[in-house]
Structure formats: structure tokens, C-alpha cells
Amino acid sequence: MRRATVLLFGLAALLGAQEVYQPGPDSQRKPNVPQGKVTQHTWTSRIYPGSVRDYWVYVPAQYRPEKPACVMVFQDGSGFVRDDGHSRVPIVFDNLIHEGSMPVTIAILINPGVLPALSPGQQARFNRSYEYDAVDDRYARFLLEEILPEVGKSHNLSTDPNDRAISGSSSGGIAAFNAAWQRPDAFRRVVSYVGSFTNLRGGDVFSGLIRKTEPKPLRVFLQDGTKDQNIYSGSWYIANQDVATALAYAGYDVKFVVGTDGHSGRHGGSILPDALRWLWRDYPHPILKPATSPGERHYVSLFLDPSSDWEVVSAGHRFTEGPAVDREGNVYFSDIPNSRIHRIGADGKVSVFKEDTGGVNGLMFGPDGKLYACQNGRKRIVAYSPDGSESVIAEGVNSNDLAVNAKGEIYFSDPPGKKVWFIDAQRNKRVVHEGLEFPNGVRLSPDHALLMVADFRSRWVWSFQVLPDGSLANGQAFHRLETADDSSSTNADGMTVDNEGHVYVATRLGLQICDAPGRVVAILRKPQNGALSNAVFAGRDLDWLYVTAGDKVFRRHMRRKGVWPWQPVKPPAPRL
């Protein structure tokens, strides 16, 4: 069920006046309410090398070690922990836990890191923006790999993401959202005051990413004021409106409360009790991802079957790659370190097709029914007959991925050589392009008019026109992929296409879907953390999408259909 964005204005706001925000009764000490205990600690980080920070742990009086407690993390902890501060977290938690409005919850209130100066004449390095405003998973990893395990040594913390919340103000607000966005398997409840969703360090991308990315199981409370700051990196009020409307568009459980204050914690602190009641309402019911059913506005709903999610079809491998579909819709994939090719039948049974493959990577069936392969361990391109017998197509080449056209001609990538090669029908080979930083996945468009080449170390998939003799012309850095804040590399790897001309690219952010004009229109989440290496449409009707991801192969049913790679099909004209 879609939940619309909620905008709340006080009378003063409607009249254009400045409201005065004060802590309410739930932010004051009440008689007969048990008080939790707050302890202060110091931490030196490994993920942020040399940085030192203080943090506080609030443990409610109702906590019992034999039962895992819920957890809520607050950035800029010193501002949230004080009994006379803007939010007064220990007092609010005492009151709400006592009245049953939220579960027994341990609060971890943590300051940003500081790299101490080596002498009095030097200035320290302040990590706040580096940690909080970055749009990557580093801060989430810091919490999950350092802080939560450390607190967990003394307290029984729940590992259920539905039991975990995270909050902050300003840059701490975007940090809270980003941590949950990056790791919804760890945090699913977010409260952000005057969040810095502006271009301090690229945070303005979130409104677009939310609209493109397959929805995640998150509940988000946002607060901002009409008089929030408007500076070199953007307008906070406009940015928060953009994020709130994007979350509503994508079907999230979101509430946006607007006041008249500027860039401060006064308004957010005054409504913290109500924000927490909303955040923890209906607990312990789990927070689910928004639906992507027919008629939903989210563009990803055009691709996803709402009744299907990622399911494991093969596991226990070392590194899976190169999924390829045969004429019956069966899937073949390589396990590179184990030097093996596996087959997934239409009945779901997995078998070994070929042992001792010489480190085969990319695979693709040709019009002759043979399985062509990049046998990089032996510096060859080879072909396998249905009985597994091997024939050599080309020798003395580096190769990673390949595409086979309707004439049985082959394009393959050579990452270390920064080249794309072509093998004609007479098995002569030649370089048809060179100069990409790290050419990786290669795939023909549905009509074989274009060859797409993914550059692993950039944000681009290149598009080349295929000439009658197999040469490539008019190349452009065409498909613009989304990338994480900490690197210009998308880790763009294998690709597949559907019958409407969309290109599906395996990247570090997920499976990015580009339309024919080169725009990312949707991002499918990765089925597990770690590498996503390749994709293919398979099944008898080509409506199952398979992906290779680390040690496993996954699939999900789709509304879109793929194409037989060796059979050119003209896609419809795209919307421009």
C-alpha cells in the first residue's frame, strides 16, 4: 500500500510567522518512570584510520541481557545525549519505553571522528563531512564492523534489521539515511532532521537514485524548516522536499514534517517523541519493501514481476560468471577459480557441463548451437559442442567476455590490452577498438546494429556502430551509469538486453537498466552483498533473469523478455 508524503505546517507557518519550538512533556522527566543508564566511551577507528571519537551508550532500565534489545544509532551523539539538549534522547526513550510506545531500545550516540594533531602548533583533521556527507557504504561498515560489535560485547543487541533504527541532524541526517540505504539488511528505520541532501559531497543524487532503484524495506521520517539554509551546495528545504517526494513516488513509508525554523535541531528535537512513535508503530511487524505491482508509478515496476524476488538456483561455487542461454532456455555459467562450466536445466537441476576449462570466463551460444568461451587461463577463444568436445577458435589472446553475431562472428574484450577484438567467419582476428580504460562486458544490441562495451573503471558503457565487415565506427561513451561517491569506477561488468532495447549492466550498485537513449531508468538491487558479475535472460520464454553473484547464481521472473543472442530482432523506437 502506497503511503503519501505527509507535510505538516503549524498555524504560524501558514501565516508566514516564525514558530517557537520547545521540548514537550515527553521530553521532560516524569515521576515514576524508570531511568536508563548512560555511559561514555572513546573509540579509535580502523576504517577511518587514526580517527578518535567519543560515544555514549544509553541502556534502558527495562533491558534484560537474556533478550536481544533493539538498537538506535544517533550521529553527533553529544548533541542528542544531553538532558538539556535539543532532543534529550535518554529522557524521551525513558518515557516512550515506559508507556509502551517503543520497544526496549539501546541507544548508541556517537560523535564524528577527529584525527588528532601531532603537536600543539598543528590543527586536527575533522572527519564529520567526510564520514557523514559521503554517498558510499563506508560509514555503514564503520558502524557494523566496529561500533556495534564493540557495544555488543557488553550488551545483547538484536541483529534483526527491523529492530534497528538510525537518526541524525543536518549531515548526520543524510548519514542516517545513507547508512540504511546502503545496508537495509542492517537498518530499516530512519529519522532525519534538516538532512543535508545537497551537494556537499554528492548527496543531491539521492532524489534521483530513490526514483530509479528497486524499492528497499525502509521507513523514513524527515523534518525540515522553510527557513533552512540556502548556500553554495544547494537549498536544504528544496532538497528535503525532493527526497520526500521521491520516497513517496517510489512507494516508501515516509512522513515529512515541515516547520518554520532554520538550520537547527530545535524543531526536530521538539517532535522527536512523535517521530519515534511513528517510527516504531506496529512493532514488531517487519518493515517490508514497497510493492511494485502493475499500475505503480515507480519505473522499476515495468520490469519486475511483483510475485517474484531473487531466488538461489545454484550455490557453493567460488566465483560465478558468464551466464549464457541455449536454444532450450537452459543456462550455462562458469566458475572461474574451479575451472568448471555448469548447466542449469529448465527443471532447475544443476549439473557439470565441463571440467578443466582453463579458467573459462565469458560464455555465449552461437547460431550453430556451440558454446563459445573466453578461455583466458590458456589465452584462447574456444567453442564447445553439445557433447563437451572443445575446438580452438583463436590463440594467444587475453579475453574476458564475448558476443557472437548471427554469422557466428565473435567480438571479445581484452581488459589488460585495453582492446576489443573481432574474429570473422574465416577465424581471422583483428583489433577493432582500443583505448578504453578497462573494457569488460560486451553485448550486441537486439538488432545487432550496435556493440556495447562496458568500461569497468568508468561510469560509461560505450556504444559502437557495427559495419558490414565487422569493424566498429562512431563510438561514444553512451550509457551513463550511476556510481558510488567514493569512486568513479562503476565496476561495470557483464550485460544482457531485452526485446525493447534496454541494456542490463552488472555494477557495484546493482543491475542498472539503461534505455536505448543511454539513460539509467531503473536499478535492481543485488541479491546479496558483494560482486555482481553478469546477467542473462533465459527460460523457454526468456522471461527469467539470471545473475551471477559471487559464489551463487540467482534468478527472478520478469515482465520483460530477453532475445536469443544469435537472432537479430529490431526493437521498437525508444522514447527520446
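Nothing fancy with the numbering, it's 1 onward along the sequence.
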Handout entry: Side-chain donor-acceptor pair present, Ser314, His317, cut-off under 3.5 Å
Key = yes
Exercise for the section: Under the side-chain contact (heavy atoms from CB on, under 4.5 Å) rule, what do Asp261 and Val194 come out as? Steps first, then yes or no, please. Expected result: CA-CA 10 Å; Asp261 206 6; Val194 294; over 6 Å; no
Practice task
Output the distance between atom CD (Gln476) and atom CG (Asn474), rounded to the nearest 0.5 Å.
Solution key: 7.5 Å
Handout entry: Straight-line distance of Arg457 CZ to Asn491 CG, nearest 0.5 Å
Key = 10.0 Å
Practice task
Using a strict cut-off of less than 4.0 Å between a Lys/Arg side-chain nitrogen and an Asp/Glu carboxylate oxygen, indicate whether Asp282 and Arg219 qualify as a salt bridge.
Solution key: yes
Exercise for the section: Indicate yes or no for a side-chain donor-acceptor contact from Thr245 to the backbone of Gln241 under 3.5 Å, with no hydrogens or angles considered. Expected result: yes
Practice task
Could you tell me whether Phe464 and His433 have their ring centroids closer than 6.0 angstrom?
Solution key: yes
Problem - Any side-chain heavy-atom pair of Leu481 and Val505 under 4.5 Å - result: yes
Handout entry: Donor-acceptor contact below 3.5 Å, side chain Thr320 vs main chain Val553
Key = no
Problem - Side-chain heavy atoms of Leu363 within contact of Pro323, under 4.5 Å - result: no
Exercise for the section: Determine, using ring centers only, whether Phe197 and Phe177 are less than 6.0 Å apart. Expected result: yes
Exercise for the section: Keeping the roles fixed (side chain from Asp401, backbone from Val442), state whether a donor-acceptor pair exists under 3.5 Å. Expected result: yes
Exercise for the section: Give a yes or no on whether Arg277 atom CZ has more than 12 heavy-atom contacts from other residues, nucleotides or ligands under 6.0 Å away. Expected result: yes
Exercise for the section: Measure from the side-chain N and O atoms of Asp335 to the backbone N and O of Phe319, and report whether any donor-acceptor pair falls under 3.5 Å. Expected result: yes
Handout entry: Separation between CD of Gln75 and OG of Ser169, rounded to the nearest 0.5 Å
Key = 10.5 Å
Completion exercise
Closest non-hydrogen contact found for Pro184 with Pro217 is CB-CD, 4.2 Å
Problem - Polar side-chain atom of Asp498 near backbone of His502 as donor-acceptor pair, under 3.5 Å - result: yes
Completion exercise
Tightest non-hydrogen contact, residues Leu542 and Phe537, listed as O-CD2, 3.4 Å
Practice task
Could you tell me whether Glu437 and Lys418 have a side-chain N and a carboxylate O separated by less than 4.0 Å?
Solution key: yes
Handout entry: Backbone N/O of Ala484 and side chain of Asp136: donor-acceptor pair under 3.5 Å
Key = no
Exercise for the section: Establish, from distance only, whether the side-chain atoms of Asp160 and Ser158 form a donor-acceptor pair under 3.5 Å. Expected result: no
Handout entry: Heavy-atom side-chain proximity of Leu222 to Leu247 below 4.5 angstrom
Key = yes
Completion exercise
Value for NE2 (His285) from CG (Asn162), rounded to nearest 0.5 Å, stands at 11.5 Å
Practice task
Nearest 0.5 Å please: distance from the CZ atom of Phe142 over to the CZ atom of Arg138.
Solution key: 12.0 Å
Exercise for the section: Examine distances only and state if a side-chain atom of Ser308 and a backbone atom of Asp305 form a donor-acceptor pair shorter than 3.5 Å. Expected result: no
Handout entry: Ser196-Trp236 side chain donor-acceptor pair, cut-off 3.5 Å
Key = yes
Exercise for the section: Evaluate the side-chain proximity of Val420 to Val432: yes if any heavy-atom separation is below 4.5 Å, no if none is. Expected result: yes
Practice task
Run the salt-bridge test on Glu311 and Arg556 with the 4.0 Å N-O cut-off and return the result as yes or no.
Solution key: no
Problem - pair Asp551-Gln528: side-chain heavy atoms closer than 4.5 Å - result: yes
Exercise for the section: Apply the test side-chain contact (heavy atoms from CB on, under 4.5 Å) to residues Thr213 and Ile210: give CA-CA distance (whole Å), side-chain angles for both, the deciding distance (0.1 Å), then the verdict. Expected result: CA-CA 6 Å; Thr213 304; Ile210 292 165; over 6 Å; no
Practice task
If the plane angle is over 60° it's perpendicular, under 30° parallel, otherwise tilted; pick one for Trp566 and Phe365.
Solution key: perpendicular
Handout entry: Worked verdict on Asp543 versus His557 for side chain to side chain donor-acceptor pair (under 3.5 Å)
Key = CA-CA 6 Å; Asp543 54 359; His557 193 256; 3.0 Å; yes
Problem - Arg128 bridged to Asp76 by N-O distance under 4.0 Å - result: yes
Problem - Side-chain donor or acceptor of Tyr237 paired with backbone N/O of Thr226 under 3.5 Å - result: no
Problem - Heavy-atom closest pair, residues Asn361 and Ser334 - result: O-OG, 2.8 Å
Exercise for the section: State, without any angle test, whether Thr496 and Arg443 hold a side-chain donor-acceptor pair at a distance under 3.5 Å. Expected result: no
Handout entry: Heavy atoms of other groups near Tyr130 OH, more than 12 under 6.0 Å
Key = no
Problem - Shortest non-hydrogen contact between Ala549 and Pro527, atoms and distance - result: CB-CG, 4.3 Å
Handout entry: No-hydrogen, no-angle side-chain donor-acceptor test under 3.5 Å, Gln182 and Tyr139
Key = no
Handout entry: Residue pairs fulfilling salt bridge (Lys or Arg N to Asp or Glu O under 4.0 Å) with at least one residue in residues 519-539, sequence neighbours excluded
Key = Glu214-Arg525, Asp309-Arg525, Asp515-Arg519
Problem - Minimum side-chain heavy-atom gap Lys212-Tyr299 below 4.5 Å - result: no
Exercise for the section: Examine distances only and state if a side-chain atom of Arg188 and a backbone atom of Pro161 form a donor-acceptor pair shorter than 3.5 Å. Expected result: no
Exercise for the section: Flag the pair Tyr546 / Phe554 as yes when their ring centroid distance falls below 6.0 Å, and as no otherwise. Expected result: no
Problem - Spacing of OG belonging to Ser167 relative to CZ belonging to Arg189, to within rounding of 0.5 Å - result: 13.5 Å
Completion exercise
Nearest heavy-atom contact between Gly470 and Phe422 is CA-CZ, 3.7 Å
Exercise for the section: Could you tell me whether the side chain of Tyr193 reaches within less than 4.5 Å of the side chain of His267, counting heavy atoms only? Expected result: no
Handout entry: Min side-chain heavy-atom separation Thr483-Thr507 under 4.5 Å
Key = no
Problem - Verdict with reasoning, Leu532 to Asp493, per side-chain contact (heavy atoms from CB on, under 4.5 Å) - result: CA-CA 8 Å; Leu532 184 65; Asp493 203 331; over 6 Å; no
Exercise for the section: Would you kindly say whether Asp228 and His263 are connected by a side-chain donor-acceptor distance under 3.5 Å? Expected result: yes
Exercise for the section: State whether the side chain of Asn178 and the backbone N or O of Ile174 hold a donor-acceptor pair below 3.5 Å, judged by distance alone. Expected result: no
Fill in the blank from the handout: Taking every heavy atom of Cys374 against every heavy atom of Ser399, the minimum-distance pair comes out as CB-OG, 3.1 Å
Problem - Check: His479 ring centroid to Trp460 ring centroid under 6.0 Å - result: no
Practice task
Under the side-chain contact (heavy atoms from CB on, under 4.5 Å) rule, what do Tyr283 and Cys70 come out as? Steps first, then yes or no, please.
Solution key: CA-CA 11 Å; Tyr283 179 85; Cys70 294; 3.3 Å; yes
